[in-house]
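I have placed the structure first, in the form of structure tokens, so that the comments after it can refer back to it.
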Amino acid sequence: MISSFKIRWNAHLKRINFDVHKLAGAIATVFLVFTFFTGFCWSFGEFINPMIYAATFQQIANYSSLPQSTHK
């Protein structure tokens, strides 16, 4: 598995391009999954907060009950 993420610099140019593209995709996937998870938690907090409480036994702050800004 690890050998598939190595760039073979002495290979043909098409192979180097393929290796760089594959490695960049694997690195981008980590950031995209993190971004997806963060957005999902922000959008569906009313569903996620009970799961977090069940896993950690810590109450999550309810930000929807805070006063909203009147600045437009």
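Residue indices begin at 1 and follow the sequence shown.
A distance of 8.5 Å separates SG of Cys41 from CG of Asn49, quoted to the nearest 0.5 Å.
By the criterion of side-chain heavy atoms lying less than 4.5 angstrom apart, applied directly or through intervening Ile, Leu, Val, Met, Phe, Trp or Tyr residues, Leu23 is grouped together with Phe31 in one hydrophobic cluster. Hydrophobic clustering of Ile, Leu, Val, Met, Phe, Trp and Tyr side chains at less than 4.5 Å, counting indirect connections, keeps Met51 apart from Val33. Note: the hydrophobic cluster containing Ile27 also contains Trp9 (ILVMFWY, side chain heavy atoms under 4.5 Å, direct or indirect links). A single hydrophobic cluster is not seen to contain both Phe18 and Leu13; linkage of ILVMFWY side chains at heavy-atom distances under 4.5 Å, directly or through other members, places them apart.
Taking each heavy atom of Ala11 and Ile16 in turn, the nearest pair found is O-CD1, 3.6 Å. Taking both residues in full, the closest heavy atoms of Phe40 and Ile48 are given as CE2-CD1, 3.4 Å, listed atom of the first, atom of the second, then distance.
Ring-plane geometry between Phe57 and Tyr53 is classed as perpendicular, the angle between the planes exceeding 60 degrees on a 0 to 90 degree scale with a lower cut at 30.
Considering only residues two or more places apart in sequence or on other chains, Thr38 meets the side chain to side chain contact (heavy atoms under 4.5 Å, CB included) condition with Phe34, Trp42.
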